[in-house]
Each structure stands twice: as C-alpha cells, then as structure tokens.
Amino acid sequence: MTDRNKGKRRSSRWFGTTDKDGFIHRSWMKNQGLPDDAFDGRPVIGICNTWSELTPCNAHFRQLAEYIKRGVWEAGGFPLEFPVMSLGETMLRPTAMLFRNLASMDVEESIRANPIDGVVLMVGCDKTTPALMMGAASCDLPAICLSGGPMLNGKYRGQDIGSGTSVWQFSEAVRAGEMTLQDFMAAEAGQSRSAGHCMTMGTASTMASMVESLGMGLPTNAAIPAVDSRRRTLAHMVGRRIVEMVREDLRMSRVLTRAAFENAVRANGAIGGSTNAVVHLLALAGRLGIEFSLDDWDRLGRDVPTIVDLMPSGRFLMEDFYYAGGLPVVLKTLGDTGLLNKDALTVNGRSMWDNVKDAENFNEEVIRPVSRPLVKSGGIAVLRGNLAPNGAIIKPSAATAALMQHRGRAVVFKSIEDYKARIDDPKLDIDETCVMVLQNCGPKGYPGMAEVGNMGLPPKILAKGIKDMVRISDARMSGTAYGTVVLHVAPEAAAGGPLALVRDGDFIELDVAGRRLHLDVPDAELVRRRAGWTPPPPPMTGGYQKLYFDHVLQADQGADLDFLVGCRGAEVGRDSH
Ligand code: FES
C-alpha cells in the first residue's frame, strides 16, 4: 500500500525528532510500557472515546475501544485512546443539546493539540455523534466513526417495547387512567435490558444511520446491536481501516461532500429518521463549508418513501432492522430507484454503490419494498410563512393525516414551566381543534433547544380518546416521539421571532402540502405587539452558558456557535512547548 505521507505525518513533529522536545514527547509516553518502535513514524491513531457511566448508552465503550486497538496495532498503527466530554441524553440538564457544541470544541482542540494522524470517533447516544463529527470536521484529518450500537429489543409482558416511544405511550396511558403506576415502573427494566443506545429509530439510531449513509462508517455500522459479537468485530475492522486511511491521506473532507449529504437526507426519509438530524447535518455541513440548507431537506426528501417499518413511525426495532439486512438494504433500494449518489466515496475507500449493491433484504415486513411503503412521502417538510420566516419543520410520517391541513385557535404557553403548570387544569380553555403553541424553548430560549416540542395533550382531551393535536414551537422533539408537531420555528421567540408575538385566541393555519405556516393576525397588530416585546436575559451572566447564548445560531443554521462554523485545519502553529 502507498504510504502517501510517511515521514511527513503530524505525529513525527512530536515523536520523530532527536532533540529535547522529542525526548520529552517519547519519554513520558514510555511510562505506559510502549516499545521504541511505537515511535518509528507509524500512523498514530487517536481513539476519541465518549465513555461515561453518566451516558448509559455509551457505557460499554471502554471494552469496544480495546477491539479498535487490536485492529490498529495489527495494521501497523499506534493507538492512543483519549476521553472527551460525553453527552448523556437522559441525564444532562437543562438539555444535552446545550452541550453539543461544547463537546465539539473539546474534540476539535483535543485532536489538533495532540500528535494524532487519524482518529476513530466512538459515538452512540444522540448528541455524541454530531458533536464528534463536527469537531473532527473542523480539523479535517482522516476520521472514521464507530457507533456503539442499539440495545436489544425492549421486552415487557411478552411485547416488544421501544426506547422513548413506549415511554410516551405509557405516560399518556397513566395520565388517561389506563395504566397503573406500578405497571409503569415495572416496564423500566424491560425496556433497557442490554448495553447500547435507544433501539427505536430515534435520534441515536438515526444518527448512526447518517454516519453510514454519509460514508463515515463501515457498512452495517448503523444497526448491529451493541452486544452482538459482530459489533466488536466491526470495531476491530475500524481499527485496521483507520491506519490505511492515514496512509492514503483519506481526509474527512473527501468523504463529506455535498453528494454525501444528499445521500444522508434521502436515507433519513427512507428510514423515517429523527427530525434532530436536520440541525445536526446543517451544523456539520457548516463546519466543512458545504452549501447545504433547510430547503435541501425539503427538496431532496420529497420523493423518498419511508420503507423501514420501525418505531416511532412503525412497528419494529433496530434489532429486527439488523436481522433484515440493515441500512445497506435501504441504500441499495435508494440506488435502484435513482435516489442515491452512487459514486460518493466512503471511508473504506470504495464507492457507496460498491458497498451496498449486493445487499439482500431478509424481511420485507421490516424493510418494505418501495411498492408497499410505510409512508409514501417520508421526507421532512419545511414550512414557511409569517410565523416562521426562516423556516420550521414537520415530520409527516409521524403526524396525523387529517391534521396536515388545519386552522385552529392558539392556546399559548410562554415556557415549558407555564405549560406544566396549566396543562392538567380542567378549566384550561382548550379543545381538540386548538393549536398548542410553546414559546421560548429554542436555541437561546431554553437554552439549548430542548426536546419538549411534542407537548402532551391535556388530560380532558386524552380522556375523549384523542391522541393528537397540532403543536407548534421553536423546540425540538425526541426522535422517538410522534404527532402533528411543528418544530424548530426560526427565528425563535427568544430571538424576537414572530412566534413570540402569538397570543391566546389568534388563529393559525397549517398547510403541510402547501408548506405554509401562517399566523392570521394583521401586520399592523404584529408591529404593535413587537413594540411591547422585550428580549429575555441570558440564562447565566458568565461561563459557557453565556458564551453559548451570545453566539448560538438559529435552528435553520444548525444551532452551531457562530465562531465554530468552518474548517480550521490541523495545524498547531507552534512545534515546541
Ligand atoms: Fe441515549 Fe436515547 S438516551 S440514545
């Protein structure tokens, strides 16, 4: 194999000199029992690990990293594992999304500051995947992702239950008086019964699928269960491959092209993926300077049928998806229908089509043929209008068909606390034709754009057997959630967007087919209301939250921090201490 940069690698500037600095760099590393030839100019591979016991979805990563190291040593590389900030979706407050950009800074600076020639990104729980890809993209070294894999199917009373999706169902059943609290508690252990991330097609599984469809992971990366021995084999192969990638100088920017992003958007439609992929891919493209916008999501996803029948849109779970053939089958199907950029380069050095053209579907209930889709048009719809001048999104495959065109009276909640304080009040003036509006939950407003957009319905409406209403906010929603939920309204209320001006009793028109979201209030009245609006104060007067508040971009730009947009490369600037 051609070693395109032997002797010129970054790591040789640390380990390849015979002066005082070379002594320092090698000597201290040798306290870990490393032989002289570890420093002979071989590729140094960083293993960027998001292991944490506070991130249960990634809690098996220390073992997985050992398999990567086997592959690295075997291929003639030198592996060095390092930790970065981990982001546990279920634990972090106020929301893990607040820290995605912070973690990406940790990744970027850790890679650039150290003698790393190529990097394995160990990703799993929702925000860890975009955070690590964004940070590495801003350095643009050879990089490959290894997802941690989903949990085994949840089991409760003989039924399959799915992470998140079943929680929303159970909690609404408790609120409607259809499930006892005792049963609710008993379902917890059965839902999460193995290592791995959420096993519905939530954000983690979606982002693992984005990794594979962007070409950033090896084939089958998305779906192998975390505890299946083939996940460890994949880790071993990733270790081997990153060493070759360094020798080939196959950098991230050669894989993450516009063609790759187009493939990812279409794959997202085909899998019925999470709305969270929208902000994450916009932010990732921004790091690489790729022209890619919210409108691309709408345009590219329009003709894509959802063929994967997984919760929350469908019936099955990730374990079933893997046994059916996994994402390669989906990508092959897209290729067969003219919806795949077949020549897009992937991390194994082959084209996307070479990787997937022989994929076989072993279960046409789980991965349906295009003639029998779960949803005919499965992409993300982008709405615009005077209520969302810079756009808002809705996932039609998770919405109720009868509500996709709707005019209703607004019932406004000023914050999530206001919603929680009033939603159970039997005197709340609301019926099922109303539109629930939630303000101040966007990137600045929450802060961190929390997953609260799928507000639960009032108990008095649930008691009638009604399960869905139109809901509008500047928040996100969990990838495991569902409903006629308009999200990511931009600009957000806290940035002075028109969402801030909506009042109880206003009428709102939603027209998904026409891509329209309209607040039926005269312009002059909106001007009058705006004159009385005051921006909210920052959540904190110092620290990261202040930095975040001052610099976060809106959802239509991926909610990255303005000064992190772009690729800054891997040059350190100074070669000595
Ligand atoms: Fe970690 Fe869902 S909570 S992936």
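Computed from a predicted model, the values in this text were never measured in an experiment. Each ligand, and each atom within it, is numbered from 1 in the order the structure gives. Residue indices begin at 1 and follow the sequence shown.
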*Asks:* May I ask you to check whether Ser104 and Arg287 show a side-chain donor-acceptor distance below 3.5 Å?
*Replies:* yes
*Asks:* Just jot down the salt bridge (charged side-chain N to carboxylate O under 4.0 Å, His left out) partners of Glu365, sequence neighbours excluded, or say none.
*Replies:* Arg315, Arg372
*Asks:* When you check the gap from the basic side-chain N to the acidic O, do Arg231 and Glu319 get nearer than 4.0 Å?
*Replies:* no
*Asks:* Closest heavy-atom contact between Val84 and Phe82?
*Replies:* CG1-CE1, 3.8 Å
*Asks:* Is a side-chain donor-acceptor pair under 3.5 Å present for Ser415 with Asn440?
*Replies:* no
*Asks:* Once the angle between the rings of Phe292 and Phe261 is folded into 0 to 90°, is it parallel (under 30°), tilted (30 to 60°) or perpendicular (over 60°)?
*Replies:* tilted
*Asks:* Starting from atom 1 (Fe) of ligand 1, count all protein N, O or S atoms within a radius below 2.8 Å.
*Replies:* 2
